[in-house]
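Proteins get letters first, then strands, A, B, ... in listed order; numbering begins at 1 in each. Reckoned from all heavy atoms, side chains included, excluding hydrogens, waters and symmetry mates.
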4 protein chains.
Amino acid sequence: MGANFRSDNEVSVAPAILDALVGANEGTAHSYGEDTVTADLGERFSDVFETHVQVWPLATGTAANSLALAQVCPPYGSVYCHAHSHLNTDECGAPEFFTAGAKLIGLEGQGGKLDPAGLRVALQATGHLGDHENLPAALSLSQASEFGTVYRVDEIQALSDVAREFGLKVHMDGARFANAVTSLGESPASLTWRAGVDLLSFGATKNGAMMAEALLVFDQDLAKELGRRRKRAGHLISKMRFVSAQLAAYLEEGRWLQWAANANRQASRLAQGLTGIRAAELLYPVEANEIFVRLEDELAEGLYQAGFQFHLWPGTADVYRLVCAWCTTDDEVDGFLACLRMLEE
Amino acid sequence: MGANFRSDNEVSVAPAILDALVGANEGTAHSYGEDTVTADLGERFSDVFETHVQVWPLATGTAANSLALAQVCPPYGSVYCHAHSHLNTDECGAPEFFTAGAKLIGLEGQGGKLDPAGLRVALQATGHLGDHENLPAALSLSQASEFGTVYRVDEIQALSDVAREFGLKVHMDGARFANAVTSLGESPASLTWRAGVDLLSFGATKNGAMMAEALLVFDQDLAKELGRRRKRAGHLISKMRFVSAQLAAYLEEGRWLQWAANANRQASRLAQGLTGIRAAELLYPVEANEIFVRLEDELAEGLYQAGFQFHLWPGTADVYRLVCAWCTTDDEVDGFLACLRMLEE
Amino acid sequence: MGANFRSDNEVSVAPAILDALVGANEGTAHSYGEDTVTADLGERFSDVFETHVQVWPLATGTAANSLALAQVCPPYGSVYCHAHSHLNTDECGAPEFFTAGAKLIGLEGQGGKLDPAGLRVALQATGHLGDHENLPAALSLSQASEFGTVYRVDEIQALSDVAREFGLKVHMDGARFANAVTSLGESPASLTWRAGVDLLSFGATKNGAMMAEALLVFDQDLAKELGRRRKRAGHLISKMRFVSAQLAAYLEEGRWLQWAANANRQASRLAQGLTGIRAAELLYPVEANEIFVRLEDELAEGLYQAGFQFHLWPGTADVYRLVCAWCTTDDEVDGFLACLRMLEE
Amino acid sequence: MGANFRSDNEVSVAPAILDALVGANEGTAHSYGEDTVTADLGERFSDVFETHVQVWPLATGTAANSLALAQVCPPYGSVYCHAHSHLNTDECGAPEFFTAGAKLIGLEGQGGKLDPAGLRVALQATGHLGDHENLPAALSLSQASEFGTVYRVDEIQALSDVAREFGLKVHMDGARFANAVTSLGESPASLTWRAGVDLLSFGATKNGAMMAEALLVFDQDLAKELGRRRKRAGHLISKMRFVSAQLAAYLEEGRWLQWAANANRQASRLAQGLTGIRAAELLYPVEANEIFVRLEDELAEGLYQAGFQFHLWPGTADVYRLVCAWCTTDDEVDGFLACLRMLEE
């Protein structure tokens, strides 16, 4: 049976996370986030991000992204994001729901990344129609991007600068933020608030947690009544200590970066192996834990028959996505590559 | 003082419309659409469209478009339209508001018109993401288009066929429907329900009325609870007889087509004149009452100084829109062209 | 044929209003409110209200009320109003639609009026549930009330004081504001901003206009992006000069108060006559142009047979509403009373 | 240190639930609910409810309630519920958010329960205002009720009958459904679909689970596109097996009823003890696991000082809520009562 490269959502939860759940189960605790585990998160995240951070534990990344955007984009506003971002294509209109009908403006950009010049052109085209057009209100960047690439510090800064110039707030969808941090070797602060990011959807679920995400707010003014928005969206978890405990364990001892490091390393090994395969073509630089590769039909078919699991990328005929996770092993990667080489012969 | 080619919204109301308002002012009448003038509209429109039509009088085209889409597109749905359609760019997110957050998918297409092949490609790319993606629910066509072109019967049919194949309902934004009908010499029925259109925003305001639009529903099943939607949007006019009277007068004696015929004819004369001007370039075929023309700066400046009024098209540096109306005169067009020729020398 | 006391929405439009429409039809004018008639409204209303007023012309009262509330009440907020207010019972959830889901809290109160003590009790009961409860955000008063009574200056002030104490903004639904002003003999200023009102839905349609309401904003900070909200609700009238001209003519020469004075006077005469009828019981003080009267079945039936028109009040078996209008005549009232006396014998 | 009677949300998670999480962590599993644990839930719940049930695992009860209502109540609709129901007072407008602005109509009723006669009166008052009023669309019952009472089978049937007669669908908020089932000794089927309930929010979190609720749909037609609604609300849990595993373990071996039985039994013992206390007054029959008691200040204060934890009921001065849980012990209850008796002396 081959390994599962379908998604980092499909692998098991890290033992340290399960241990944390068991540990959090001691005695009673106030509900709805008024417990001590949750209270301590502020300090833990503030340490990691080297600034005061407001932390809002959540069960899903869609909730984190959508609540963030609802805080900074009014119903008559618009959100600029990559045309192929998860936000725009995979959340069934959640941002539109939470913002009460704002408009997402999907921009093109190489490798799943927006570029400052393109953003500037798009924003310069606004402002000529008065009340007839939506108000540009937010920029949302995915880090790592939907296609497994990562934004450098100066790229984030340049995009934020354009956003600021036009009055937009900056949100970062960090469902795979750990993978980006590890990949770049930069501090979390450098990649976020120091580079102009106002709110971060900090993901843990895809990187070893069970169901734990956090919306981090760097600019406290943007957190106004976020609590009521969270509640009315059904995202105020009653026994919140069990979400918070996952986040605490995730940060502890640098686990989040170690786990991401393994995922990235295995993706890198996989990518390297793929470059030696004639009938495989990498579509984007592999900078985090995702690989997009064009494969000849027979190869894909052979891999499936050998039991390997991975997705044909929706809307394409021959592009496949391979995802490595916190627990992907050398053997799994080697086995995949070996199978591929055998099929090619 | 030169003529006003800024918009068909800026010219005066036709005397026959004013007369109708005065005429409707006799005695008392039940409010909120329960008057006899409103009741008679069903028959009048059914005659014109050669089928049973439900008529919903409204004060604005934005309301007509948005109510129509709210009837056929759920909050988790998506509406396919031209990227540059009024719906997508000029209504500050009204469709998103009325549908409670549906997504507009703006497609490219020459001359402001969608093409069936492009629509098919877009729709074939959907359906692979399950609950993660919006449900394609509606197609919206602008007739005449935002760029003054018109869809032929077979084009509408072909687009409707694709829409139907994928389960979408078809809406037509007919803010300038009269201009399209006149231009094509086809019957209203041929251009709408016979070609697969389910709902039509039938415009009168831009073509001589004061404030009167009608949402026409050809498929009665799609009108379910439209009345409550209209009310909760604040679009149930209390003294509705005064909107309905405009619509009745507009249809009477074929006025709507006569007025549109004049607007189209003047646009045609204007376009013909422009083809003789070296420094002017028509961008699209002039098929209704709008002209998009690239002008050298000095020409535009000279025309402005001579008192002519027209819009620089938002987002461009040198493209201008000229709109002719029900009341545009030969002299106004001739004066404009004469000035232009003089400036060119 | 008897007179129509069904609604002030059912009578004819005043000739001065029709004249104004004809007058506004001279030449071209910029659309979407950028015309001079609209521009002048600010000064006209500021004169009438003795302070700087922002004026937003609209076609319906529902739009005025709902836009006002959307400006001051967030989606997670609540609006305090009378349980039987038009806002709460007759707008099919328009305030909920425009606010993206805020909650209306309907309070009881004699004669359709809220009282400060009741409001205080209701507000004191809030604030104990943290993020689990809606945020009290606005108070909405109907002047005249749904039952034809009017708030005195000190009553408005007292209610506003309570609202302010708890952080609420104050909106007044003035669909029949002219009737209230006339009835009380107080200045428009005294009844609004001087007594703590932040926004006023200023009605004209029910008092002689065709379709013209204005949302008046006294606190400019509350008008932020109101223009975009109006547009996305489909309430930006393209040929706005024809709404604005109605409002201008309405204010001119004190017409609005003269018309309301007639309506009130006729209602007063009608009420006086009814007090002499044994089988008729007035339910509320008649302070504006509406009368609520309990009538024995035979009387009501007899009046209907004589051709008089008036509504059985929804949800009751024997309470009827009689509305007098700007154009109600002595003869109409006298005829009604004469018929009633004859039936009683 | 005294026991915690604040909420069943504050106690620990049952060991069997934690075991289930560990058990579910074997190997990889498809994400977003396409795993086998989730797939098996349909059969498990169908067994328990003796009919085919659609199961939608969720992380919060607010999500379950709000999604259910969004399925059966359009934006222009209204939901009838108890004035003091959790739905109406404790979810910060979540139902309004998910339904895109429907109206909750809060009815009074003894002990937190609606009565059929009152519901009928309320519904008979509707339908007279045409498009001006919201459409009555759903009835929502809380079982157990907000005040710890439970509906009998015939009471549910009678309420459902009235609802059906007026075209409403019936939702049950079963955050404490297990407590009600245990209390009544009736089958789950008898208390739901056999008595006319269309959708059930089936709670597990308050009764020993960590974060696991299920929206159960008995009438399959009502589940149309529920998946997209769930996704766009951010409630499609990526690693859903860990929610589903809780639900499976909860049902297994009748644990859910055993745990509820303990909670009920302790509440009953506590209530019995309280009846012997002169300065304590029970407000409602204690039929599930909640007790509402009026206590003299000194008693409450003394209990707090002794370390017992329980809530002053919001909006009251001297009413306290005591909640027993799956794990409440005889000693905890006895200790509380002993302290109370000592204080009374």
For this session: Using the test side chain to side chain contact (heavy atoms under 4.5 Å, CB included), find all partners of B:A214 that sit at least two apart in sequence or belong to another chain.
Result: B:F45, B:V55, B:F202, B:L216, B:L247
Exercise. Residues two or more places apart in sequence or in another chain: which of them pass side chain to side chain contact (heavy atoms under 4.5 Å, CB included) with B:A209?
Worked result: B:I17, B:A204, B:A212, B:Q246
Exercise. Could you give the distance from CG (A:L322) to CG (A:L303), rounded to the nearest 0.5 Å?
Worked result: 8.5 Å
Problem set entry | Distance (rounded to the nearest 0.5 Å) between A:C81 SG and A:I105 CD1 | 8.5 Å
Donor-acceptor pairs between chain B and chain A under 3.5 Å, which ones?
residue: B:N88; atom: O; partner: A:K103; partner atom: NZ; Å: 3.2
residue: B:N88; atom: OD1; partner: A:K103; partner atom: NZ; Å: 3.0
residue: B:E91; atom: N; partner: A:H132; partner atom: O; Å: 3.2
residue: B:C92; atom: N; partner: A:H132; partner atom: O; Å: 2.8
residue: B:G93; atom: N; partner: A:N134; partner atom: OD1; Å: 3.0
residue: B:E96; atom: OE2; partner: A:K103; partner atom: NZ; Å: 2.8
residue: B:K103; atom: NZ; partner: A:N88; partner atom: O; Å: 3.2
residue: B:K103; atom: NZ; partner: A:N88; partner atom: OD1; Å: 3.0
residue: B:K103; atom: NZ; partner: A:E96; partner atom: OE2; Å: 2.8
residue: B:H132; atom: O; partner: A:E91; partner atom: N; Å: 3.2
residue: B:H132; atom: O; partner: A:C92; partner atom: N; Å: 2.8
residue: B:N134; atom: OD1; partner: A:G93; partner atom: N; Å: 3.0

Seminar exercise, completed: Applying a strict 4.5 Å limit to non-hydrogen atoms, the region of A:L104 in contact with chain B is side chain
Exercise. Among pairs that include at least one residue of residues 92-118 of chain A, which meet ring-ring contact (aromatic ring centres under 6.0 Å, His included), considering only residues two or more places apart or in two chains?
Worked result: A:F97-D:F97, A:F97-D:F98, A:F98-D:F97
Problem set entry | Of A:L114, A:V79, A:V72, the residue whose pairing with A:L139 passes side chain to side chain contact (heavy atoms under 4.5 Å, CB included) | A:L114
Seminar exercise, completed: One option among A:G101, A:G77, A:A100, A:C92 has the most heavy-atom pairs under 4.5 Å with chain B, and it is A:C92
Problem set entry | Closest contact, heavy atoms only, B:V243 versus B:L58 | CG1-O, 3.7 Å
